[in-house]
Each structure stands twice: as C-alpha cells, then as structure tokens.
Amino acid sequence: MGKLVVLTLLGVGLALVGERFVAFRERINAFRDLEPVEPPNCHLIEGIENGSEDIDILPSGLAFISSGLKYPGMPSFAPDEPGQIFMMDLNEQNPRAQALTISDGFDKTSFNPHGISTFIDKDHTVYLYVVNHPHMKSTVEIFKFEKQQRSLVHLKTIEHELLQSVNDIVALGPEQFYATRDHYFTSHFLSLLEMFIGLQWTYVLFYSPREVKVVAGGFSSANGITVSLDKKYIYVADVMAKNIHVMKIHDNWDLTRLKVIQLDTLVDNLTIDPDTGDFS
Ligand SMILES: *[C@@H]1O[C@H](CO)[C@@H](O)[C@H](O)[C@H]1NC(C)=O
Ligand SMILES: *[C@@H]1O[C@H](CO)[C@@H](O)[C@H](O)[C@H]1NC(C)=O
C-alpha cells in the first residue's frame, strides 16, 4: 500500500514536470527549425565587437548604444572588459560607432550597461538614463551628454529596493522614469526555475525623487519598455509570455492595462517610429 502511494506520487510528480517542460518548450519555441534569411540593406557596424544591447535614437539622428552587458544566463563577448556607451550619427554617409568617454568620479571598471533611454529637457540638454548592473546589482545612472566632447558627465546613481533585476527604462522627466524588472528571484537557479514554471511575478515600476512604486504587475518577464509619441501610453514587452501590453498613463503616473497584444514570438526591445507612432 505504502509503495503504491509512493509510486502514484512519483507518477504525478513526473507528469507535472513533463507538462511544465512541454509548456516551457512551447513558450520559448527553442526547438523550432528556422530557415536562415539574409536581410537586405543590413551591414555589420564595426567597432562594437563586444555586443550591443540597447539603442536609443534622438530626433536629431544621434544614436546611443549600450555595449558589453554581462547578465546571468546571457553569453558575454568580453567578460573581463567593462561596458561602454557608443554614439553614432545616423546623418553621416557612413556612420561610425564611437565610444563615449565618461567623466571621472564614476566607477567605469564595473560599468555594465543594459537598457538605455534619452531625455531632452526644455533647454535642449540631452540626458542618458542607463540601467547598470555593477557587481550584478541594479542601479540607474543619469548622465549628461556633451556632444562636442563626445562624453558623458555622470550626474547621479539611483538605487532603491524596488530597483532589482532591472532590464529596460524609459525616462519621462527629470529623474522620472518607468523601468521593467525581468525576473523575480535574484538567485540564478531560482530565476531559471521561475522561468521554467512560468511565474508571473515581474513588474513595471515608476521612480521619481518623491515617490517610487510598482505600477503594473503580472508579467512573466517584463522587458523592453517605451512611451507613445503623445506620452499618454506605455508599451511593455513581456518576452516569455510573447506579448505586448498597452497601458494608459494617469496623472499620478499609475498605469492601467488597456490591451495585451499576443504575438507568436519572443518580444524584446520596442521602438517607436517617430513619424507614424507605430511600434516595432
Ligand atoms: C534587444 O535586447 C536583446 C536582449 O535583451 C539584445 O540582445 C539586443 O541587442 C537588443 N536590441 C536592440 C536593438 O536594442
Ligand atoms: C572588446 O573586448 C576585448 C577583450 O575581450 C578588448 O580587447 C577590446 O578592446 C574590446 N573592444 C571594445 C570596442 O571595447
């Protein structure tokens, strides 16, 4: 009798693991065969050989690119090199990527940039908000961009207990931003388990010097985040759930989910077309 119970429990346990595995396979489509496609009008940008993670393009055509991310579970091209921010002027005939210098007083050796967002204030000064993972923690760094000097002047490091496992950021005002958390557990093993069983514990948070709060939850892995051209809506890509959430911004910065667009692919960074407002 005792043996029968153990065998039954074992059977149920294995069936559960099997079911989770099939669901996980379905979710990530990792075993699907894809035909290689040679994309037209694409060429390799030289000089960013240690990986490009995120890109943000100013209305003037200046692009910023974060490079050299080291993140648990992601391959790193140069594990011993600090990360960098590159700039490219897309107005040039043959735009070249140039690394920006960073002002002293900022720990460049542990710089590990992830999602980035630009913010232009009313005096047309350009600020770069960068999700950073120094020693695998999560901080947000605010830099002022000096175009002539091709440099970033470090202004501030933001740390907060809700700023954990941060992936991407969208700056909406001076020291005001939304950011996504892409996994819940900080232990690498538990974060893999969380992905495997499909927990939906990640969120979007809002930060301002006066208030920090979670404004949307229930994501498997909240990833790319961006704002509509009229600044009324936020778009969040949930990479593991393969969908994009459209959310309305309220006056107090809370978000309400308006719709979820289900897609059959792993969605990551989002970009808004400056002319049409379409996102891709
Ligand atoms: C988007 O994000 C992925 C992983 O987070 C990264 O590998 C890729 O380079 C990013 N692409 C852009 C255009 O930001
Ligand atoms: C890329 O990493 C290598 C070390 O692996 C380093 O020598 C090289 O300078 C890095 N390149 C850039 C553009 O940072």
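One-based numbering, in listed order, for ligands and for the atoms of each.
Between Trp201 and Phe185, the ring planes are tilted. Angles from 30° to 60° get that label.
Less than 4.0 angstrom separates some heavy atom of Gly47 from each of these atoms of ligand 2: 13 (C). Contact atoms of ligand 2 toward Asn50: 1 (C), 2 (O), 3 (C), 8 (C), 10 (C), 11 (N), 12 (C), 14 (O) (distance under 4.0 Å to a heavy atom of the residue). The Ala78 neighbourhood of ligand 2 comprises atoms 2 (O), 5 (O), with distances under 4.0 Å to a heavy atom of that residue.
Between the side chain of Ser165 and the backbone N or O of Arg181, no donor-acceptor pair lies under 3.5 Å. No donor-acceptor distance shorter than 3.5 angstrom exists from the side chain of Thr139 to the backbone of Glu159, with no hydrogens or angles considered.
Regarding atom 14 (O) of ligand 2, its nearest protein heavy-atom neighbour is Gln84 OE1, 3.0 Å. Looking from atom 9 (O) of ligand 2 to the surrounding protein, the closest heavy atom is Glu81 OE1, 4.3 Å.
In this structure, the ring of Tyr178 has its center no less than 6.0 angstrom from the ring center of Tyr207. Aromatic pair Phe143/Phe106: centroids less than 6.0 angstrom apart.
At least one N or O atom of Glu49 sits closer than 3.5 Å to an N or O atom of ligand 2.
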